[in-house]
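Working notes, structure below.
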There are 2 protein chains.
Amino acid sequence: MTTRDSKDSDLQRSLTLLWTERRRGQRGPRSRLTVELIAQAAVRIADADGLDAVSMQRVATELGYSTMSLYNHVPSKDLLLEVAADVGAGAPPDLGGTADFREAVRRWVGALWAGFHSRPWILRVPLDHAPVGPNQLAWLDRLLRPLLAAGLPGGEARAAALHLTAVVRGTAQISINMAGEHKRDNGIPRSDADLTHVVAELLDPADYPALTAVHAAGLAGPERADGDALPFELGFGVDRFLDGIESWVAAKSGD
Amino acid sequence: MTTRDSKDSDLQRSLTLLWTERRRGQRGPRSRLTVELIAQAAVRIADADGLDAVSMQRVATELGYSTMSLYNHVPSKDLLLEVAADVGAGAPPDLGGTADFREAVRRWVGALWAGFHSRPWILRVPLDHAPVGPNQLAWLDRLLRPLLAAGLPGGEARAAALHLTAVVRGTAQISINMAGEHKRDNGIPRSDADLTHVVAELLDPADYPALTAVHAAGLAGPERADGDALPFELGFGVDRFLDGIESWVAAKSGD
DNA sequence: ACGTTTCTATGTATGGTGTACATAGTTTCG
DNA sequence: CGAAACTATGTACACCATACATAGAAACGT
């Protein structure tokens with residue numbers, strides 16, 4: 001144990017490790033292992049074989065160290081996963097050139113959406129703390145800029161950013177796994193589309209009137225995602241939200 | 001193994017178990033254990049000690065059975081958790097008497113929000129399949145009704161419902177654990193409010209201009225959640241979204 | 001009524017997990 | 001040049017999900 005200071009919490013300790021580069025001037029041998037290296041290895045494994053494949057043993061052997069070495073740099077697996085999620089998130093897109101705030105937000109949403117698609121395991125990392133990694137903060141910052149530029153005061157911009165982040169995250173969680181590449185059952189890949197049919201047979205239309213109505217009407221959905229357009233399931237809600245924001249700031253400024 | 005039909009997938013099998021009550025007329029002794037009982041036990045444990053405390057052993061001993069008995073009724077722990085999440089969600093609120101569609105949606109959102117607060121472990125159950133439990137479908141149905149009544153066509157109502165579900169789920173995931181009753185560090189409870197301060201010291205304002213601006217302005221937030229009002233962090237976005245929906249249907253019908 | 005079938009519940013065993021703890025070795029400071 | 005402090009390692013433990021074989025009981029066909 002490092003035991004630098006007993007009041008030093010695990011969380012704060014690992015936070016400092018994340019934010020400050022290697023401190024120098026300590027006694028022992030300098031560590032060849034770093035939090036970044038460990039997190040990157042975890043990301044590599046999660047990318048290749050999913051989040052469940054990330055175990056301390058696997059990460060350690062991936063790096064060529066013993067399992068317990070990791071605990072010199074990371075207090076627990078849970079925190080390692082949070083750090084890995086931050087590392088895996090990467091840097092946010094640069095929206096500097098986007099004048100229209102709607103377009104900027106849409107691009108931000110699209111980038112996050114794409115990120116969740118390329119690393120779906122991030123959605124499965126349980127978040128135990130407020131987002132606090134450098135990349136997560138950078139993403140948030142990049143979203144806040146167009147919202148502030150649009151004329152929202154601080155508190156409302158924060159709420160709007162939370163709303164958008166939550167929408168993308170929640171929508172991704174709900175709809176990504178429906179595509180279900182990774183899902184195979186008895187070796188047969190199974191898209192959840194069939195599943196809804198299976199259920200449809202079982203449920204009583206009287207109990208779910210709205211659902212059956214929508215189900216009947218909703219099958220004609222040949223959605224196109226040309227270029228940077230968002231898929232309809234995500235884009236419709238985002239557009240309505242931006243409509244609302246726009247008229248909100250218009251009403252306030254015209255007030 | 002039941003091996004009723006080799007094409008019968010695990011998922012479908014457990015779905016059938018969830019939806020159809022106990023079939024009769026089989027050979028062996030009727031089972032005293034049921035999926036519902038098992039799921040309820042899992043819910044009880046998760047309520048008491050969190051999702052991590054839910055193990056097959058614990059569930060079994062809670063019911064007074066051996067560990068392996070559970071596998072006669074549930075194909076895997078993962079599916080058990082999904083069923084438990086559905087059971088734990090409970091029945092949706094009855095919005096029958098609410099004439100205003102905005103008010104109905106807000107009440108639905110508030111109820112789901114409250115549900116996630118009272119059972120935060122539901123947010124940690126990884127969802128591997130399209131929502132398909134009876135309760136989840138009931139919640140969805142109840143949300144679709146006011147949206148359809150407001151004049152949205154099927155596909156848009158579905159997208160709007162997805163948006164709202166995702167918002168509540170995502171916002172809950174992000175902001176619930178910030179309250180962090182369960183979080184204690186070195187035995188000292190720690191609300192993540194301090195945490196942001198710790199980070200604030202570390203980060204360079206030049207890198208996160210929007211964030212620091214919002215942070216400076218945003219501290220004056222004595223939000224009140226009187227009665228059935230939603231907290232500002234959630235309510236602002238929902239209200240803007242509903243604004244957008246309203247003007248959308250108005251524009252369409254006036255068209 | 002009876003044997004056969006078919007189901008439930010159990011016990012045992014296996015390979016994996018996160019991590020507490022003690023130790024050996026190495027680097028830097030006083 | 002000791003001595004302190006740090007890194008990496010090895011061992012050990014409790015627990016986990018679940019594959020598999022078995023025992024027993026209930027309902028069916030006769």
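A note on names: the letters A, B, ... follow the listed sequences, proteins ahead of strands, and every chain is numbered from 1.
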Any B/His73 side-chain heavy atom under 4.5 Å of B/Thr34 side chain: no
Contact check, side chains of A/Asp52 and A/Arg124, non-hydrogen atoms, under 4.5 Å: no
Length of the CG-C1' vector between A/Leu37 and D/dA8, whole Å: 15 Å
Side chain proximity check, B/Leu79 to B/Asp128, heavy atoms < 4.5 angstrom: no
Sub-4.5 Å side-chain heavy-atom contact between A/Trp139 and A/Pro93: yes
Residue-phosphate contact under 4.0 Å: B/His73 side-chain N/O, C/dT8 OP1/OP2: no
Candidate nucleotides D/dA17, D/dG24, C/dT26, ranked by approach to the side chain of A/Pro29 - the nearest: C/dT26
Residue A/Ser76, side-chain heavy atoms: nucleotide from D/dC28, C/dA9, C/dT19 that is nearest: C/dT19
Short side-chain to backbone donor-acceptor contact, B/Arg58 and B/Ile45, under 3.5 Å: no
4.5 Å side-chain heavy-atom contact, B/Ser69 and B/Leu33: yes
Approximate separation, where rounding is to 0.5 Å, of B/Ile174 CD1 and A/Leu127 CG: 7.0 Å
Distance in angstrom units between B/Leu81 CG and D/dT18 P, rounded: 10 Å
d(CG, B/Asp78; C1', D/dC16) in whole Å: 13 Å
Nucleotide D/dC6, atom C1' - distance to CZ of A/Arg27 in whole Å: 10 Å
Length of the CG-C1' vector between B/Leu79 and D/dA17, whole Å: 14 Å
Separation of C/dT19 P from A/Lys77 NZ (nearest whole Å): 8 Å
Nearest to side-chain heavy atoms of A/Leu33, which nucleotide of C/dT19, D/dA17, D/dA8: D/dA8
B/S/- contact track for nucleotides 9-15 of chain D, protein heavy atom under 4.0 Å: BBB----
Nearest-angstrom distance from the residue atom CG of A/Asp52 to P of D/dC16: 17 Å
Interatomic distance where CG belongs to A/Leu63 and P belongs to D/dA8 [whole Å]: 11 Å
Side chains of A/Leu143 and A/Val109 in contact at under 4.5 Å (non-hydrogen atoms): no
Overall bend - the helix from C/dA1-D/dT30 to C/dT14-D/dA17, comparing terminal axes fitted on five pairs, nearest 10 degrees: 10°
Min side-chain heavy-atom separation B/Val87-B/Glu36 under 4.5 Å: no
Side-chain N,O (A/Arg30) to OP1/OP2 (C/dT28) below 4.0 Å: yes
